[in-house]
Amino acid sequence: MSGAGLKIVTIGGGSSYTPELIEGFIKRYEDLPVKELWLVDIEEGAGKLKIIGDLAKRMVKKAGVQLEIHLTLNREEALKGADFVTTQFRVGFLEARAKDERIPLKYGVIGQETNGPGGLFKALRTIPVILQIAEEMERLCPDAWLINFTNPAGIVTEAVLRYSHFKKVIGLCNIPIGMKMKIASFLGESPEDIQIDFAGLNHMVFGLNVYRKGENITKDLIEMKSGGEESGMSVKNIEDIPWEPEFLKGLGIFPCPYHRYYYQTSKMLEEEMKASKEKGVRAEVVKQIEEELFKEYQNVSLDVKPPQLEKRGGAYYSDAACSLIDSIYNNRGDVQTVNTKNNGAISSLPRDSAVEINCIITKDGPKPIAIGDLPVSVRGLVQQIKSFERLTAEAATTGDYQTALVAMTINPLVPSDTLAKVILDEMLEAHKEYLPQFHRKVN
Ligand code: G6P
């Protein structure tokens, strides 16, 4: 890393989440001297990139820090000599997400853009692009870290680990940090006094133990949270449907908000059907939030991150990213939850697969903290999802139809092979423009 200050590159810089990232770098400027922040986007995103870039410049000016903001559509130019690269792009924009969510719903199946049939397709569109970025990084900034928030973050990390030569990749999600902050606020504690042993996969992570100032309070906290009310621990994009109290007590560990898709499938489906009729699928709701946000971002007197950004499900993402970069740069040795190579930390999962787990963060990257086996009650589901993820990553790189069909069929949200095929075929056609690896074969 250059002594003259860091060069950070954000791919998908025109994202509405970027102001949070800028805020994070400003906040940490003394310990993390970012000299250049390059926001990169593609031609179709140039309008948004300009709006975000102008806001970023106003934020930096107001904060009085020496951080240069560069805007570019030329990814290779940006990547040259970078120290950290963050990725937060969406191939096919929100229109593609709406298809991921809507098409399965037509057949009574939850689409879910990260861990359902929608997630499968988001991965098929995203993986070829991330592998291309990894290849460019190998050439242009081989010592940099790739920090990915692009969903499905677990599958994307799996794909980079498995199918690229570039190994300095870390996947990041806001769910663990969000759960920690919500538990802290519920207990009236500051987040630093709460520790949670997280282990599992992205959007399939469990809080195995919760500690308050070092004391294990898991059992008491589960008791407190088993009142049959809303948990207060969900995210904006997932309805906080109460858990069955006896189930939660029996499980003895904390599920994440995304577990509702598996343990409350019929209620979640009902919710999504209702919501899609009343206000549209989540992509359509997000589109409206984005319109409001970008209107606000264009206000020349705005020079801080606006509170409306908290209506998005990904709140704290960028804060997690900035903390991670800070800990790598400063070799802090603190504990953060990230997606990285398992290396035996969770014995129930393959050694060479990506897992989401607490890690010690050093200048050499994350070192997973071993937890042994996952409890038997959740082990099978986690393994099933890992198989779904691996086949998805394989299908994305090979463009093999049968692999994609098997991935779709083994996803627990999909009820049969026949329906999997119907949904797969319709989605392959709907996303044709972004899936050359499949259509090359068909033609
Ligand atoms: C959650 C997930 C993120 C996801 C986000 C979606 O927080 O952890 O991975 O991107 O929600 O939020 P949105 O506002 O786009 O529906």
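All ligand and atom numbering here is 1-based and tracks the order in the structure.
- What sits closest to atom 7 (O) of ligand 1 on the protein, heavy atoms only, is Gly313 O, 2.3 Å.
- Residues forming a ring pair (Phe, Tyr, Trp, His ring centres under 6.0 Å) with Phe206 (at least two apart in sequence, or on another chain): His259.
- Heavy-atom proximity to Tyr317, at under 4.0 Å, picks out these atoms of ligand 1: 3 (C), 9 (O).
- Proximity of Thr114 to ligand 1 is not established, as no heavy-atom distance is less than 4.0 Å.
- Within ligand 1, counting atoms from 1 as listed, the ones closer than 4.0 Å to a heavy atom of Arg97 are 13 (P), 15 (O), 16 (O).
- Every atom of ligand 1 with a heavy atom of Arg282 under 4.0 Å away is listed here by number and element: 13 (P), 14 (O), 16 (O).
- Among all heavy-atom pairs drawn from Val91 and Arg125, the shortest one is O-NE, 3.2 Å.
- In this structure, the protein non-hydrogen atom closest to atom 4 (C) of ligand 1 is Asn151 ND2, 3.5 Å.
- Residue-ligand proximity: Lys311 is placed with every non-hydrogen atom at 4.0 Å or more from ligand 1.
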### Task
Take Thr18 and Ile22 through the side chain to side chain contact (heavy atoms under 4.5 Å, CB included) test and state the conclusion after the steps.
CA-CA 6 Å; Thr18 301; Ile22 312 285; 4.1 Å; yes
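- Regarding atom 8 (O) of ligand 1, its nearest protein heavy-atom neighbour is Asn174 OD1, 2.6 Å.
- Interface atoms of ligand 1 facing Val286, defined by a heavy-atom separation under 4.0 Å, are 13 (P), 14 (O), 15 (O), 16 (O).
- Under the 3.5 Å distance criterion, the side-chain polar atoms of Tyr17 are matched with a main-chain donor or acceptor of Gly314.
- Using modelled atom types, one finds no donor on one side chain facing an acceptor on the other under 3.5 Å when comparing Asp193 with Tyr211.
- Contact record, Ser16 with Arg312: OG-NH1, 3.1 Å, taken as the closest heavy-atom pair.
- When the heavy-atom distances from atom 6 (C) of ligand 1 to Ile238, Val281, Asn237 are ranked, the shortest goes to Asn237.
- Ion pairing between Glu296 and Lys305 fails under the 4.0 Å rule for side-chain N and carboxylate O.
- Close approach of ligand 1 to Arg312 is summarised as follows: ligand atoms under 4.0 Å from at least one heavy atom of the residue are 13 (P), 14 (O), 15 (O).
- Counting heavy atoms from C-beta outward, Asp326 and Arg332 have side chains that approach closer than 4.5 Å.
- Short contacts between ligand 1 and Ile175, defined as distances under 4.0 Å to a heavy atom of the residue, involve ligand atoms 8 (O).
- A salt bridge is defined here as a Lys NZ or Arg NE, NH1 or NH2 lying under 4.0 Å from an Asp or Glu carboxylate O, and Lys287 with Glu291 fails to meet this definition.
- Remark: distances from the non-hydrogen atoms of Lys236 to ligand 1 are all 4.0 Å or more.
- Within the listing of ligand 1, atoms 7 (O) sit less than 4.0 angstrom from a heavy atom of Val235.
- Within the 4.0 Å heavy-atom shell around ligand 1 one finds Tyr258.
- Using a 4.0 Å cut-off between heavy atoms, Cys173 contacts ligand 1 through its side chain alone, with no backbone atom that close.
- Side-chain atoms of Ser276 come within 3.5 Å of backbone N or O of Met273 as a donor-acceptor pair.
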